[in-house]
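Heads up: the structure comes next, in structure tokens.
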Amino acid sequence: MKLRKTTPVVLAAALALTAACGGGGSAQPAGDGKSFEFWSFSGINQKRSVGVYQKANPGVQVKLTEVGGSTETAQALTTALAGGKVPDLVLIQGDDLPKFVQQPQNFQDLRQFGADKIKGDYLDWVISQSTAKSGEIIGIPTDVGGMAVAYRTDLFKQAGLPTDREEVSKLWPTWDAFIETGKKYTAATGKAFVDNAATSVFYQAVNQGPQKYYDPSGNVVYATSPQVKTAFDLAIKAAQSGITAKLSSFEDGWSAAMGKGDYAVISAPSWLLEQIRNNAPDTKGKWDVAKIPGGAGNWGGSYLAIPKGAANPKAAWDYISKMQSPQGQLENFVESGALPTTPSVYQDPKLIDRKDPFFSDAPTGKIYTDSLLGLKPFLIGTDSAAIGQEFLNAITNVEQGKGDPAKAWDSALANIKTAIGK
């Protein structure tokens with residue numbers, strides 16, 4: 001669902017957690033066939049989904065552990081798989097999934113529980129990401145990250161900009177127009193327009209075309225992809241324009257600034273709306289949601305998987321099958337705004353007619369499904385997360401005044417080659 005940087009302290013904590021939760025003794029599930037241990041990443045309020053499930057299944061105990069960010073959770077899982085002591089159920093972020101799909105023997109093939117019979121419930125390009133070349137289905141998608149822009153209507157009004165979401169959408173049909181709008185806002189207010197250039201510009205623009213870091217055959221093309229270079233250049237332009245708050249996404253300063261109005265705009269895939277609610281609860285009614293420049297795209301999405309050595313795989317599958325059914329995903333959208341991966345509900349009144357009071361009654365279901373329906377899917381490869389992080393780092397360095405914009409692209413390419421060896 002989201003991208004978070006890994007720090008040595010957090011990683012050490014994650015690895016310690018792996019040993020504690022995966023080891024023997026009371027931390028390891030008893031294998032009673034009903035209760036199960038569930039690893040999730042933080043920041044998405046997985047406790048709510050578990051609570052809904054347990055209320056409907058009062059005899060089941062779910063031991064939920066929020067390991068850390070999505071990266072930390074994937075790293076802890078890697079360590080657990082190597083040690084043979086694993087949870088029953090784990091949430092894996094989409095960019096981290098490919099390396100696990102390449103090792104399907106480490107996971108339960110969900111076809112044994114009926115995943116092959118329900119795979120048609122999900123968007124083809126989403127379920128294909130969790131299907132191994134040899135046919136095993138190792139994960140069921142939980143959500144998908146349609147794109148939009150969240151903006152503060154009160155701050156736009158102060159800047160003399162329109163506040164109606166349709167008029168705001170017309171301000172930025174392109175990313176260049178988005179940057180120009182930012183300049184007008186900053187000139188009028190003296191304040192930052194957008195949180196940062198790395199995730200609110202680059203990570204949106206790079207996710208809007210049919211080819212990202214890999215071509216459809218699985219070859220690495222990050223250095224030659226026009227889509228990647230264009231997105232990078234746009235982000236460098238934004239970073240140099242003076243419109244950003246220079247606050248990296250998901251860090252403490254970014255979260256606090258959200259409530260204080262230190263920036264007026266944030267690119268918001270569907271799952272990020274929950275972050276805004278949690279980080280800035282006193283701003284209810286001051287936000288609205290407009291279309292993303294370019295109109296379509298996807299950032300994020302996650303999968304539920306059951307490791308091979310799980311003590312309670314059937315209990316874990318029961319959770320997946322009930323909570324990630326089309327109806328389950330629809331109800332989760334109503335509660336949290338997480339966009340379903342099940343297109344059969346895209347015309348359901350609960351989705352298309354839902355108006356979110358926190359975001360000025362924006363029809364978020366329609367806005368986000370519209371952004372998905374115009375998407376040309378791209379392949380996510382085993383090193384997509386690492387490649388993306390190096391591009392983000394290079395853009396952030398320029399934004400922070402630590403990097404030379406003329407050398408940023410070449411620096412990013414060199415760091416990627418060092419990181420992935422190709």
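- With respect to the salt-bridge test (charged N to carboxylate O, under 4.0 angstrom), the residues Asp370 and Lys291 do not qualify.
- Between the side chain of Tyr222 and the backbone N or O of Ser384 there is no donor-acceptor pair closer than 3.5 Å.
- Using a 3.5 Å distance cut-off with no hydrogens or angles, the side chains of Asn196 and Thr396 do not pair a donor with an acceptor.
- Listed for the Asp109 side chain is a donor-acceptor partner under 3.5 Å among the backbone atoms of Ile137.
- By the side chain to side chain contact (heavy atoms under 4.5 Å, CB included) test, Asn279 pairs with Trp254, Ser255, Met258, Gln275, sequence neighbours left out.
- The line from NZ of Lys308 to CD of Gln103 is 13.5 Å long, rounded to the nearest 0.5 Å.
- Scored by the salt bridge (charged side-chain N to carboxylate O under 4.0 Å, His left out) test, Asp116 finds no partners at all (sequence neighbours excluded).
- The neighbour count for Lys184 NZ, taken as heavy atoms of other residues, nucleotides or ligands under 6.0 Å away, does not exceed 12.
- Under the 4.5 Å side-chain criterion, counting only non-hydrogen atoms from C-beta, Val144 is in contact with Asn298.
- Under the ring-ring contact (aromatic ring centres under 6.0 Å, His included) criterion, Tyr319 pairs with Phe36, Phe38, Tyr53, not counting sequence neighbours.
- Here the side chain of Glu136 pairs no donor or acceptor atom with the backbone of Ile138 at under 3.5 angstrom.
- Between Pro141 and Gln324, every side-chain heavy-atom pair lies at or beyond the 4.5 Å cut-off.
- Asp348 pairs by the salt bridge (charged side-chain N to carboxylate O under 4.0 Å, His left out) definition with nothing, not counting sequence neighbours.
- Side-chain atoms of Thr186 come within 3.5 Å of backbone N or O of Gly182 as a donor-acceptor pair.
- The closest side-chain donor-acceptor pair between Gln327 and Glu331 falls under 3.5 angstrom.
- When only modelled atom types and interatomic distance are considered, Asp288 and Thr153 share no side-chain donor-acceptor pair under 3.5 Å.
- Enclosure of atom CG in Asp404 by more than 12 non-hydrogen atoms of other residues, nucleotides or ligands within 6.0 angstrom is indicated.
- Checking side-chain atoms of Thr283 against main-chain N and O of Lys286 turns up no donor-acceptor pair under 3.5 Å.
- The aromatic rings of Tyr203 and Trp299 sit perpendicular, their planes meeting at an angle over 60°, well past the 30° parallel limit.
- Judged by distance alone, with hydrogens and angles left aside, the side-chain atoms of Thr369 form a donor-acceptor pair with the main-chain N or O of Lys366 at under 3.5 Å.
- A search for salt bridge (charged side-chain N to carboxylate O under 4.0 Å, His left out) contacts involving Lys183 returns Glu180, not counting sequence neighbours.
- The side-chain contact (heavy atoms from CB on, under 4.5 Å) with Trp39 is formed by just one residue from the set Asp88, Ile92, Thr65; it is Thr65.
- In this view, Lys99 and Asp96 satisfy the salt bridge (charged side-chain N to carboxylate O under 4.0 Å, His left out) rule, not counting sequence neighbours.
- Partners of Ala231 according to the side chain to side chain contact (heavy atoms under 4.5 Å, CB included) rule, which considers only residues two or more places apart in sequence or in another chain, are Phe202, Ala205, Val206.
- Taking 4.5 Å as the limit, some side-chain heavy atom of Asp318 sits within range of a side-chain heavy atom of Asn57.
- With no hydrogens or angles considered, a side-chain donor-acceptor pair links Glu399 and Thr244 at under 3.5 Å.
- A donor-acceptor contact under 3.5 angstrom links the side chains of Gln329 and Thr341, judged on distance only.
- Taken to the nearest 0.5 Å, the CD atom of Gln208 stands 9.5 Å off from the CZ atom of Phe378.
- Partners of Trp172 according to the ring-ring contact (aromatic ring centres under 6.0 Å, His included) rule, which considers only residues two or more places apart in sequence or in another chain, are Phe178.
- Every residue two or more places apart in sequence or in another chain that forms a side chain to side chain contact (heavy atoms under 4.5 Å, CB included) with Glu390 is listed here: Asn393, Asn415, Ile416, Ala419.
- For Gln54 (side chain) and Val60 (main-chain N/O), a donor-acceptor pair under 3.5 Å exists by modelled atom type.
- Side-chain contact between Phe41 and Glu72: absent, with no pair of heavy atoms (C-beta onward) separated by less than 4.5 Å.
- Of all non-hydrogen atoms in Ala280 and Phe358, the two that sit nearest each other are O-CZ, 3.3 Å.
- The backbone N or O of Ala408 lies less than 3.5 Å from no partner atom in the side chain of Ser411, so there is not a single donor-acceptor pair.
- With sequence neighbours excluded, no residue forms a ring-ring contact (aromatic ring centres under 6.0 Å, His included) with Phe333.
- For Gln129, the side chain to side chain contact (heavy atoms under 4.5 Å, CB included) partners are Leu97, Tyr303, Ile380, not counting sequence neighbours.
- The ring-ring contact (aromatic ring centres under 6.0 Å, His included) contacts involving residues 403-422 comprise Phe232-Trp409, Phe391-Trp409, where partners must be two or more places apart or lie in separate chains.
- For the pair Asp143/Ser270, no side-chain contact is recorded, criterion being any heavy-atom separation below 4.5 Å from C-beta on.
- Ion pair Asp233/Lys229 flagged as a salt bridge, since at least one NZ, NE, NH1 or NH2 atom sits closer than 4.0 Å to an Asp/Glu carboxylate oxygen.
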side-chain contact (heavy atoms from CB on, under 4.5 Å) between Gln400 and Lys246, intermediate numbers included: CA-CA 7 Å; Gln400 299 289 342; Lys246 304 179 182 180; 3.7 Å; yes
